[in-house]
Amino acid sequence: MFNQQQNLLKKGWFFFTVAAVLLWAKTYSALQIAFTLNIENGIQQFIIIITPISSILFFLGLSLFFKPKRRNKAFMTIYFLMSLALYSNVVYYRFFNDYITLPVLMQYKNFGDLGGSAKALIHPMDLLYWIDIVILITWLVAKKVRPTMEFRRRTVAMLFAASLGFAVVNLSLAEMERPQLLVRTFDRAKLVKLLGIYNYHVYDTVMTAKTSSHRVMADSNELSEVLNYVNSQQGKMGAKGKYFGKAEGKNVVLVSLESTQNFVIDRKLNGQEITPFLNDLKEDSFYFSNFYHNTGQGKTSDSEFIIDNSMYGLSRGAVFTTNANNEFNATPEILKSEGYTPVSFHGNHASFWNRDVMYQSLGYEHYFSKKEYNVTEENSVNYGLKDIPFFEQSMPMLKGLDKPYYAKFITMTNHYPYIVNNENMEMIDPANTGDGSVDRYFQTVRYMDESIKKFFQMMKEQGEYEDTIFVLYGDHYGISENHNRAMSEILGKEIRPFEHVQLQKVPLIIHVPGMEGKEMETVGGQIDLKPTILNLLGVEQKNDVQFGTDLLNKNRESETILRDGSVVTDKYVYAAEQNICYDKETGEEIDSKSCAPLKEEAETELGFSDKVVYGDLLRFMDSEKEEIKRKIKDNGNGS
Ligand code: GP9
Ligand code: MN
């Protein structure tokens, strides 16, 4: 009996089976514990049980095609890679509440720089994700497992047939649960839930290959199609409104407020204001209380892309890294031809988010990055230079610029996991929800607010304030869905999909010295900033591909589309992921018919924007302009 057991442990097929079961168990538990899958019914539960099986059998099965001598090594390598894929997603999900895509992975440069953020995301219990590998290797070595004889051709064929069978059952059930799952590419949460984490990555790889082939296949007809759409949309071409040219010739200062959501504005914590300076400033400014971020996986870089181009970021990855060599017609480039000096200030490495490359494509003349600042251990936290020294050190650099300038300042201290490393940074007590990052968030927001106050003071002292317009905006959310419990405590209400969409509001304050303040209720997003700024400066835009409209133009449609396909108007909030339509005023769920046109519009518009980016369609702009000129001329001759 004992000998029999000993023999069994030496058998390759037994080892294979146990390893497959272990990997299945690990994957299944991770799906249940590490991700929020929102399982709605028994079928979905069943799908989750079977999703890992087809890919585990398939991938581990590949090792059987290796020569017996190499088979164990191949098997363990595949096992390791699958575990790595699983674990990377677990860690990534803790912060981003999202799954890794291949384009994101290619931004590896950024992961190295995560530093403090990454440490906060790794837990000691995570060792459990690796312990099976240790066990399996020990087993292989100790028992000298023979990987060879049992696997006859027929066994291998059966293994792959089983893998295929599970895949077919999985896919049919998934299709039943969510028709057109594979076409709706922006819904990663559904993909993982219904296909499983490994199949999701296979799908993602195919998608990446498909999108990179788009550029090669694209032609100028596609651009005409997009231009027709943009032209047909009322006001999207930057129609002149009442404020056109009101800030002509002024400098423009953009301030990106890291991870700042609108709920902190005018809110008090323990009787203290969280953003005292912004609260005051907004009284003398246009303050947009229904302004949303439109970003996706590209976070800060997406906000930069959207604001400068009035186009959407991608549903997967960041345009800054995937399409940095595209042709663009961004605000810096446009303003440069109007005599402006476009620059960006940020205390992180130049290559982070591929900014050094992308900024050139966008038309920035210079990027004042980390190497031009004096960054010490003392004056930095988390990602790097703290906001106050950042603004202080930027002032002389700003002074040296030819005027007028278009200068972007990207703050950084209020970044997950919201680290406060010095008493001077504690200008307000933390909250006490028990969720560390939420509690500290208020302190780092408060610190950032102080840095902006100092910045305005210095702008005045340096004599630059009067000639400048200021655009302050939140780049993206700071508190993800993973912190809903703490957030509902802070807000005093349950966080349903409706509240979640509302939490995507970020502050927008446009301060024009000498101009009276006004709260603006129009619903808009970062996508609208390019036409808004260009209109204020009196720069006319003709035949440009932009999806936003001038926020100061009262004829604009009160609406914005979020990157996940959600839509907000003055009447409705459409939550795309859950496919629920709400009345914006009451927050009550209403008949989905009311949101159906919005949903369709979002899909069309995001689709057009993606087409421009993936196809690099703006490279055809010159020939398109020639064509339009020719048509006008022909018409002129004809009449
Ligand atoms: C890094 C800073 C933060 O330079 O902009 O980037 P994020 O993680 O918010 O995208
Ligand atoms: Mn950011």
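Read the numbers this way: they start at 1 and go in the same order the structure lists the ligands and their atoms.
Heavy-atom proximity to H476, at under 4.0 Å, picks out these atoms of ligand 1: 9 (O). Atoms of ligand 1 found under 4.0 Å from any heavy atom of N348 (numbered from 1 in listed order, with element): 1 (C), 4 (O). The atoms of ligand 1 that sit less than 4.0 Å from any heavy atom of E258 are 3 (C), 9 (O). Atoms of ligand 1 lying under 4.0 Å from at least one heavy atom of H346, given by number and element, are 1 (C), 2 (C), 4 (O), 5 (O).
Within the 2.8 Å limit, T300 places at least one N, O or S atom next to the Mn ion (ligand 2). Taking 2.8 Å as the criterion, H415 does not count as a coordinating residue of the Mn ion (ligand 2), since none of its N, O or S atoms falls below it.
Which of W353, Y383, F95 comes nearest to atom 10 (O) of ligand 1 through a heavy atom is settled by distance: it is W353. Compare R355, H415, M412 by their heavy atoms: the one nearest to atom 5 (O) of ligand 1 is in R355.
Ring pair F277/F456: centre-to-centre distance below 6.0 Å. F320 and F305 have their aromatic ring centers separated by at least 6.0 angstrom.
When the Mn ion (ligand 2) is compared with the N/O/S atoms of D475, atom OD2 turns out nearest.
Within the structure, the closest approach of H349 to ligand 1 does not fall below 4.0 Å when heavy atoms are considered.
With hydrogens and angles ignored, the 3.5 Å screen pairs a side-chain donor or acceptor of N535 with a backbone N or O of P531.
For the residue pair D475/T295, the side-chain donor-acceptor check at 3.5 Å is not satisfied. Checking N422 against Y447 by side-chain atom types alone, no donor-acceptor pair falls below 3.5 Å. Side-chain contact check for T433 and D435: no donor-acceptor pair (N or O, by modelled atom type) lies under 3.5 Å.
In this structure, K190 forms no cation-pi arrangement with Y200, as its terminal cationic atom is not both closer than 6.0 Å to the ring centre and no more than 45° off the ring axis.
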